[in-house]
Amino acid sequence: MKTFCGRANPTTGSMEWFEEGEDYDYHQEIARSRYADMLHDKDRNVKYYQGIRAAVSRVKERGEKAIVLDIGTGTGLLSMMAASAGADFCYAIEVFKPMANAAVKIVEKNGFSDKIKVINKHSTEVTVGPDGDMQCRANILVTELFDTELIGEGALPTYEHAHKYLVQEGCEAVPHRATVYVQLVESRRMWSWKKLFPVHVEAEDGEKILVPPSEMENCPGVPSVCDIQLNQMSSNDFSTLSDVVTMFSVDFSKPVQSASTYYRVQLEPVKSGKAQIVLSWWDIDMDPLGMINCTMAPYWVKPTSALQWRDHWMQCVYFLPREEPVLQGEKLYLTACRDEYSVWYNLQKAREGENKADEEEHKADVGVESPVCRCRAHLLWNRPRFGELNDQNRTRQYIKALRKVLETDSVCLCISDGSLLPVLAHYLGAKQVQCTHPSRIDLYHPHELWQFLKANNLEDKIKIIEARPELLKPSHLENKKISVLVGEPFFTTSLLPWHNLYFWYARTAVSTHLASNVTVLPQSASLHVMIVEFQDLWRIRSPCGTCEGFDVQTMDDMIKDSLNFRESKEAEPHPLWEYPCKSLSDPQEVLTFDFTKTVPQHCLSTEGSLKLLRRGKSHGAVLWMEYHLTADISVSTGLVQISNEKGNCEWNPHCKQAVYFFSSVIESEILSDPTAVTYAINFDTKTGEIAMDFKL
Ligand code: SAH
């Protein structure tokens with residue numbers, strides 16, 4: 001079987017489709033999967049085991065045989081727990097074939113083949129009866145089908161079906177119930193991920209304020225969940241306006257309904273402020289009495305209890321459709337609407353003198369429609385990009401740099417996706433400004449930018465060129481040569497930091513249109529590397545060996561195989577502000593890219609070494625780009641600073657950095673004779689990709 005995989009080509013900025021063998025998909029999925037992270041989640045594993053033991057005991061006490069249905073068995077872990085706890089038989093269902101195969105091996109290796117039957121099917125395809133997959137219905141239902149939003153992986157329809165067809169009435173469920181909690185907050189930082197704030201520009205002829213169009217102001221945004229490591233959000237970044245409130249719960253031991261519905265709670269703000277964001281997380285009770293509880297609550301909710309780090313379950317940030325000023329003690333209604341797979345929120349003020357009858361009526365006009373972006377800006381800019389555009393310090397750097405290079409007769413071309421640079425260039429006095437948005441030209445008509453220009457009366461000041469850089473004609477530029485070429489650079493198709501080097505390729509493609517004394521901003525870029533020890537992120541790629549006494553090495557081997565598939569270990573993108581680490585080496589600049597010249601034909605390679613200066617475990621290397629706007633103004637998309645002598649790092653909060661995990665961890669102990677990690681890095685100018693290798 002062949003599959004088609006879409007990937008952006010960093011030399012053209014556009015999507016290309018490749019035919020790949022069936023294995024490719026499997027390996028990608030396994031290599032980047034969360035299985036290792038789940039197996040390292042001690043808190044989860046211990047509590048599942050406790051819950052399963054208790055459920056088996058309850059069934060046995062009733063004098064029944066314990067028949068377990070484990071939907072989504074993965075490695076077979078929860079079924080093995082059940083079998084060890086004395087279950088008579090387990091049906092372990094797994095839809096993903098490579099995992100089902102692994103489960104068979106793991107179950108056998110641990111000696112449970114006679115107690116556990118692995119079935120490689122989606123649970124809704126499973127049959128019950130003498131000739132079926134299952135001999136009879138189960139009386140214990142064990143699952144772990146949750147994502148950060150609880151229901152995003154289809155837990156509700158799966159439970160609904162299981163209760164109808166696969167388990168007995170009154171079955172024991174582990175977990176027994178899930179509860180979703182919410183807290184209303186005001187946060188300029190998080191709100192800046194949804195809304196464009198006015199941009200202030202100090203121009204020659206006074207201050208200019210760039211405002212977003214009203215369509216954007218009133219747009220509810222996109223429905224996709226925003227899941228983050230909320231524990232990395234400083235308490236200075238938000239202010240809580242309500243207590244933690246229970247929004248809804250689901251009892252998994254009873255029939256579950258997956259059809260769209262809504263839940264409503266009454267709130268009284270504990271503080272006046274601007275209601276913007278609903279923070280949300282859930283917990284699961286493994287037993288009916290709620291004695292065995294596994295919670296995703298962030299640090300400020302139960303400050304005394306130890307937090308389990310995990311990446312497979314985080315916390316959710318929901319953006320209210322509109323910012324709502326609220327007063328302490330006033331009566332509010334918060335509504336959670338959900339369909340089968342997602343949740344969204346709405347806030348309403350209780351009306352004056354509202355009574356019970358009004359309340360009923362109120363219920364009727366609760367909006368149940370999921371948010372849909374109407375302004376299209378939320379399709380062009382994702383949440384980190386909104387944050388980046390709202391970063392005033394960053395904007396200031398660009399303004400400072402533009403001011404240095406622009407002249408009153410400048411003919412300026414901007415190449416970047418959905419960038420505000422053309423507007424800044426205009427305000428700062430460029431005579432003629434045009435822009436092109438290479439990655440998105442085929443997808444989105446530059447409508448949103450135009451709306452933006454219109455809202456600021458700039459329609460006739462900035463020309464949007466609807467042609468990719470390589471197709472630019474002199475007529476697009478009114479037969480003028482470009483004297484200033486600018487880019488952030490930022491392209492929506494970039495996955496890894498160096499993919500934004502597409503700017504260099506575009507600059508090369510427009511060479512014939514450039515004046516001989518053209519200024520290119522940024523004038524160059526550089527690639528930087530640093531060796532780090534992660535506080536937690538290492539877990540997602542680290543072998544597990546045994547998990548709660550069960551040998552899961554087969555899984556480790558499988559992940560290793562997939563990572564080594566095609567013998568090319570790759571760097572992967574991670575937003576490191578969410579994943580604390582400390583630097584073990586100094587940051588080092590390893591490659592530079594000169595935008596004043598065209599992309600060379602030959603590859604750019606470098607070799608060298610990084611001295612380990614601190615004691616610690618070298619989990620991997622982090623790579624990022626810095627852009628040198630002018631000789632003395634640079635912006636970093638990676639390291640902002642090393643904050644203290646311990647080496648804790650502060651990262652750009654809007655960008656993902658590239659992480660290259662070492663296949664074996666290097667422990668550095670002594671500092672008198674520092675160890676060094678050698679590297680070989682190669683930028684292939686034909687493909688725009690970077691290959692790397694690190695050795696102790
Ligand atoms: N139970 C394991 C793995 C949990 S991950 C553990 O706790 O460690 C969830 C697994 O469920 C994934 O492997 C996914 O492929 C599988 N899955 C999800 N929904 C399913 C369904 N309806 N039927 C069968 N497998 C499912």
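Note that the numbering runs from 1 along the sequence shown for the chain. Atoms within a ligand are numbered from 1 in the order they appear, just like the ligands themselves.
Relative orientation of the His161 and Tyr165 rings is tilted, given thresholds of 30° and 60° on the angle between their planes. Using the six-membered ring where Trp is involved, His378 and Phe386 have ring planes that are parallel, under 30° apart on the 30 and 60° scheme. Classification of the Trp313-Phe146 ring pair by plane angle, with boundaries at 30° and 60°, yields tilted. Between Trp193 and Trp577, the ring planes are tilted. Angles from 30° to 60° get that label. Using the six-membered ring where Trp is involved, Trp538 and His40 have ring planes that are perpendicular, over 60° apart on the 30 and 60° scheme.
Residue Gly74 approaches ligand 1 through these ligand atoms, each under 4.0 Å from one of its heavy atoms: 3 (C). Within the listing of ligand 1, atoms 22 (N) sit less than 4.0 angstrom from a heavy atom of Thr158. Below 4.0 Å from some heavy atom of Ser123 lie the following atoms of ligand 1, by number and element: 21 (C), 22 (N), 23 (N), 24 (C). The contact set between ligand 1 and Glu144, taken as ligand atoms under 4.0 Å from a residue heavy atom, comprises 4 (C), 5 (S), 7 (O), 9 (C). Against a heavy-atom cut-off of under 4.0 Å, Lys121 is close to the following atoms of ligand 1: 24 (C).
Ring to ring, Phe694 and Phe662 are close: their centroids are under 6.0 angstrom apart.
Between Arg34 and Asp37 there is no salt bridge, since none of the side-chain N atoms of the basic residue sits less than 4.0 Å from a carboxylate O of the acidic one.
Closest protein heavy atom to atom 2 (C) of ligand 1: Thr73 O, 3.2 Å. The protein heavy-atom contact nearest to atom 14 (C) of ligand 1 is Glu94 OE2, 3.5 Å. When hydrogens are left out, the protein atom nearest atom 3 (C) of ligand 1 is Gly72 O, 3.5 Å; that is the closest non-hydrogen contact. Closest protein heavy atom to atom 18 (C) of ligand 1: Leu145 CD2, 3.4 Å.
Contacts between Val95 and ligand 1 below 4.0 angstrom, taking non-hydrogen atoms only, involve backbone and side chain alike.
The heavy atom nearest to atom 12 (C) of ligand 1, out of those in Tyr159, Phe96, Tyr35, Phe146, is found in Tyr35. Distances from atom 8 (O) of ligand 1 to the heavy atoms of Met38, His122, Arg44, Glu125 put Arg44 nearest.
Between Ile116 atom CD1 and Cys90 atom SG the span is 5.0 Å, to the nearest 0.5 Å.
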